[in-house]
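Each ligand, and each atom within it, is numbered from 1 in the order the structure gives. No experiment lies behind these values; they were computed from the predicted model shown. Counting from 1, the numbers follow the sequence of the chain as shown.
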Amino acid sequence: MTPLKFYLLTDTHYFEESLGAEGKAYEEYMKTEAFYLKESSAINKAVFQKLKDDKETEIIIIPGDLSKDGEFESHKSLIKELNDLKDSGKKIFVLTAGHDFNEHGRSYKNDEFVPVKGTEFKELYNLYYEFGYKEALSVDEETLSYIAEIAPKTRILALNCDSRRECKGLIDERLLTWSKEQLDKAKEDGASVIAMCHYPIIPSVPVFDLVGDAHVKNWREVASFLADNGVELVLTGHMHIQSINEFVTEKGNKLYDICTATTVGTPAKYRKIEITEDGTMDVKSINVDGFSLPSEFHSAEEFFDWRFKYAIKNKINKILEGGSGIVKLLKQLGSKVLNSIKLKTLARLLFIKIDSSLKNVKLIDFAGDLATAIFKGDMPYIKGTPEYDAISKALKRLSFILKKLEPKLSKNGVNINLTDMLLNTIGNNKGYSDNNAVINLKG
Ligand SMILES: [Fe+2]
Ligand SMILES: [Fe+2]
């Protein structure tokens, strides 16, 4: 294997601030948005500066959701930044995704949503020509997937599963056939191939297997296809989560999927990855910081966490708003319970004992902390922690419901065990970190 060193960042969701990000409509929208919008250009510029400062690492890989929502001016400003990085000696390979094309872009001015020029999917090839397509050995014109040499004898297969609204996350037979031709050609030429794809191929945490939009639709097929054709590593985004996962095919081949967070929302990380000649991959995660913070926050981490928790709470409460008659009453009751109930009450209702440290924690705060921990990776609630203990007792108590659900959720010959799935989602039991890991690709 040729030694390879690169930066991986994703879901920059770049928004050109001069389009407008202010007023009542903006404030209302931001109540349920988990990542920053107005501040996104300043945050991303701080990351780009750090990349520029590292003179040792040339390659930068960005697997999609480059702009907030396809505003043409956001693309133009981001491309200006990418050109600047290129001029400083970087080689940049991007993939576009669902948030990069949109005929109806919008900004936020004078308390209203204001339409702005969007971007059509077919425009993305020319816009990002300098950042992948120019170097491409082959381009699949329908999806704008491509394969390019990123280093001697090393290619990147950029698989676009997010080029059509009607089948988001699908890598169809036609695209697999094109990919097979590219992988066969690489083999013939003695080149190794790493892949990038916007959607995670392997679900980032076990429960995401049950969430349709959280992974490539036909993920087992695609993971097997890649691994059985010599691809050992895929770089992904979309879920704004830090995770590293492996999948072993029936033939015994292994694929690693490194999914990385957005740069503009918690956990706000990017990665530096180094692969040595013997196949040892060293993954390091770096915090996004170095931009000016509002005075009420002491650290970038606090700033990003605040937005995530605020948006999650508002989202849950929004779901519980409205309705009429009995639905309204039930929603009001649900909202009251969620916002006021403490874990000790819930434990009493379920006839389980929980650790005293959890008793006075509100259910809504507990849910917020669990969600934040899951998206940060290295989920800490493993066996022996009060949280694991409480959740495993609750799941045992509710097992009669879970057992009824499991057959309905199991498909394609894969049996679902909800208890294992949930416990492996709140605790990382994989044997390596989601953030900083040393992995032997040939292992
Ligand atoms: Fe995204
Ligand atoms: Fe996405």
Side-chain angles (χ1 to χ4, degrees), residues 8-16 21 29-30 32-41 43-44 47 60-71 74-75 77-78 82 93-106 118-119 121 124 128 132 143-145 158-171 195-205 208 211-219 222 234-243 257-271 285 288 304 307-308 311-312 315 371-372 374-377:
L8 168 64
L9 56 141
T10 187
D11 294 73
T12 46
H13 287 288
Y14 199 99
F15 183 79
E16 172 45 51
Y29 171 70
M30 289 308 289
T32 53
E33 183 51 88
F35 58 85
Y36 285 99
L37 194 158
K38 187 185 163 109
E39 299 82 354
S40 73
S41 59
I43 297 169
N44 281 303
V47 175
I60 300 170
I61 294 172
I62 316 180
D65 277 358
L66 307 170
S67 73
K68 166 68 181 80
D69 272 320
E71 314 79 28
S74 298
H75 281 303
S77 301
L78 173 63
L82 297 181
F93 298 89
V94 308
L95 186 59
T96 61
H99 280 265
D100 296 320
F101 58 96
N102 184 358
E103 281 156 41
H104 310 287
R106 73 181 192 192
T119 308
F121 177 70
L124 295 169
Y128 288 94
T143 59
L144 297 187
S145 300
L159 272 177
N160 196 342
C161 69
D162 201 10
S163 65
R164 283 174 292 170
R165 298 263 179 259
E166 63 280 11
C167 52
K168 288 163 77 63
L170 181 70
I171 295 180
M196 71 163 139
C197 178
H198 181 59
Y199 275 55
I201 292 182
I202 307 170
S204 300
V205 287
F208 283 4
V211 181
D213 195 51
H215 50 79
V216 162
K217 282 199 189 316
N218 45 336
W219 76 265
V222 176
V234 61
L235 312 166
T236 63
H238 179 62
M239 288 307 290
H240 299 188
I241 190 171
Q242 287 287 104
S243 70
D257 182 331
I258 302 184
C259 184
T260 301
T262 166
T263 48
V264 293
T266 201
K269 307 254 186 203
Y270 57 103
R271 318 238 200 198
S285 293
V288 172
F304 287 119
R307 166 134 301 287
F308 185 79
I312 291 266
K315 246 180 204 171
T372 313
I374 289 168
F375 281 84
K376 287 187 177 193

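At distances below 3.5 Å, not a single donor-acceptor pair connects side-chain atoms of Asp69 with backbone N or O atoms of Gly105.
The side-chain tip of Arg165 points at the ring of Phe101 from less than 6.0 angstrom away and within 45° of straight on.
Phe121 contributes atom CZ, which lies 9.5 Å from atom CG of Asp100 (distance to the nearest 0.5 angstrom).
To the nearest 10 degrees, the angle centred on the Fe ion (ligand 2) between OD2 in Asp65 and ND1 in His238 reads 150°. Between the NE2 atom of His240 and the NE2 atom of His13, the angle taken at the Fe ion (ligand 1) works out to 90° after rounding to 10°.
By the 30° and 60° cut-offs, the orientation of the rings of His75 relative to Tyr128 is perpendicular.
Here His99 fails the criterion, with no N, O or S atom under 2.8 Å of the Fe ion (ligand 1).
Looking only at N/O/S atoms, Asp11 comes nearest to the Fe ion (ligand 1) through OD2.
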